[in-house]
Amino acid sequence: MATTDPYRLTSGTESTDPTKTAVSRNDIVRTALWLVLVISTVGNMVASYGAASTQVHLACGAVTALCVTALVTRHLRGRR
């Protein structure tokens, strides 16, 4: 019996193709870069509100800039 539920998100058949179900190295790197980007941005915000030294702001800003650069570079290379 086939289901005709209009609210079902999948077709009912699960994909067994390992290229579609496996987590790739690119997925892990991209997720890690986004995680570090968020942490460094939040760290910079906390440093601003906590009146931290200039070195903390510079370190957080440098990490943020490096993460953004890496994410943009990876995105542009992936489009080719």
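Side chains included, hydrogens not; waters and symmetry mates left out as well; all remaining heavy atoms used. We count residues from 1, following the sequence as given.
Nearest approach of Cys60 to Ser40, heavy atoms of both residues: CB-O, 3.7 Å.
Expressed to the nearest 0.5 Å, how far CG of Asn44 lies from CD1 of Ile39 amounts to 13.5 Å.
By the criterion of side-chain heavy atoms lying less than 4.5 angstrom apart, applied directly or through intervening Ile, Leu, Val, Met, Phe, Trp or Tyr residues, Trp34 is grouped together with Val72 in one hydrophobic cluster. Linking ILVMFWY residues whenever their side-chain heavy atoms come closer than 4.5 Å, directly or via other members, places Val68 and Leu33 in the same cluster. Put simply, Leu37 and Leu76 are part of the same group of oily side chains (I, L, V, M, F, W, Y) that touch within less than 4.5 Å, one to the next.
Remark: Arg30 engages Asp27 in a salt bridge (charged side-chain N to carboxylate O under 4.0 Å, His left out) (not counting sequence neighbours).
In this structure, the side chains of Thr64 and Cys67 stay at 4.5 Å or more apart for every pair of heavy atoms.
Taking Ile, Leu, Val, Met, Phe, Trp and Tyr as members and joining any whose side-chain heavy atoms lie under 4.5 Å apart, directly or through other members, the hydrophobic cluster of Val38 also contains Val42, Val46.
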